[in-house]
Amino acid sequence: QVQLVESGGGLVQAGGSLRLSCAASGRTFSSYGMGWFRQALGKEREFVVGISKTGRRTNYADSVKGRFTISRDNAKNTVYLQMNSLKPEDTAVYYCAADQMGRGTGPVAYWGQGTQVTVSS
């Protein structure tokens, strides 16, 4: 069992930056691929970015390439999402996810509770 707790969401103006963190419980964090998803109001949850268990491989949605950066610190059981050049369309609840395959591409085994990101125009 892995518990994921996100933090770092908030309100930011367009063009600004936020850094999300996801702290994981358990000793096996380094065996999980990790990722971030988001869900805007009235829309389905969508994939944003994934990272392999070693951190060597990442996979970004086209909508965030060049603006968002995922990283992980296995010693701290934490994955990060640095979001730059934020746009109003990035407004959503952001969810941290863990996959047991270790590649960061799913399927998702565990979800965090989500953190709200709001980008004002």
Side-chain angles (χ1 to χ4, degrees):
Q1 185 85 12
V2 175
Q3 291 186 327
L4 305 173
V5 179
E6 302 97 333
S7 61
L11 174 64
V12 64
Q13 287 188 331
S17 299
L18 280 175
R19 189 194 195 201
L20 305 183
S21 298
C22 172
S25 65
R27 300 180 180 178
T28 58
F29 176 76
S30 61
S31 68
Y32 288 89
M34 299 297 296
W36 291 92
F37 289 71
R38 66 186 182 187
Q39 187 168 18
L41 194 63
K43 295 187 177 181
E44 295 197 353
R45 192 171 298 188
E46 64 175 2
F47 170 80
V48 176
V49 59
I51 188 168
S52 64
K53 60 184 179 181
T54 62
R56 293 194 195 105
R57 295 186 180 181
T58 57
N59 182 32
Y60 291 87
D62 288 343
S63 59
V64 305
K65 279 182 181 176
R67 299 188 299 121
F68 290 12
T69 303
I70 190 171
S71 61
R72 66 188 295 161
D73 186 338
N74 286 346
K76 295 183 178 180
N77 281 16
T78 303
V79 63
Y80 305 98
L81 181 63
Q82 179 66 44
M83 305 186 294
N84 298 329
S85 302
L86 282 161
K87 304 175 182 180
E89 51 263 45
D90 294 318
T91 294
V93 177
Y94 282 71
Y95 296 90
C96 179
D99 80 73
Q100 292 176 324
M101 299 301 290
R103 294 190 290 265
T105 56
V108 175
Y110 303 102
W111 292 98
Q113 84 287 351
T115 185
Q116 177 71 47
V117 172
T118 303
V119 184
S120 63
S121 57

Any donor-acceptor N/O pair, Asn74 side chain to Lys53 backbone, under 3.5 Å: yes
Parallel, tilted or perpendicular: ring planes of Phe37 versus Phe47, cut at 30 and 60 degrees: perpendicular
Charged tip of Arg72 within 45° of Phe29 ring normal and under 6.0 Å: yes
Donor-acceptor contact present, side-chain Ser85 to main-chain Arg67, <3.5 Å: no
Main-chain N/O of Cys96 paired with Glu6 side-chain donor or acceptor, under 3.5 Å: yes
Given Val49, Asn84, Leu18, Val48, the one that forms side chain to side chain contact (heavy atoms under 4.5 Å, CB included) with Phe68: Val48
Side chain proximity check, Tyr95 to Arg38, heavy atoms < 4.5 angstrom: no
Members besides Tyr80 in its Ile/Leu/Val/Met/Phe/Trp/Tyr cluster (side-chain heavy atoms under 4.5 Å): none
Beyond-backbone contact of Met83 with Val117, side-chain heavy atoms, under 4.5 angstrom: yes
Polar side-chain atom of Thr58 near backbone of Ile51 as donor-acceptor pair, under 3.5 Å: no
Min side-chain heavy-atom separation Gln116-Leu11 under 4.5 Å: no
Electrostatic pair Lys65-Asp62, nearest N-O below 4.0 angstrom: yes
Worked verdict on Thr105 versus Asp99 for side chain to side chain contact (heavy atoms under 4.5 Å, CB included): CA-CA 7 Å; Thr105 56; Asp99 80 73; 5.5 Å; no
Over 12 non-hydrogen atoms of neighbours within 6.0 angstrom of CD in Gln39: yes
Short side-chain to backbone donor-acceptor contact, Gln13 and Ser120, under 3.5 Å: no
Tyr60 side-chain N/O to Ile70 backbone N/O, donor-acceptor pair under 3.5 Å: yes
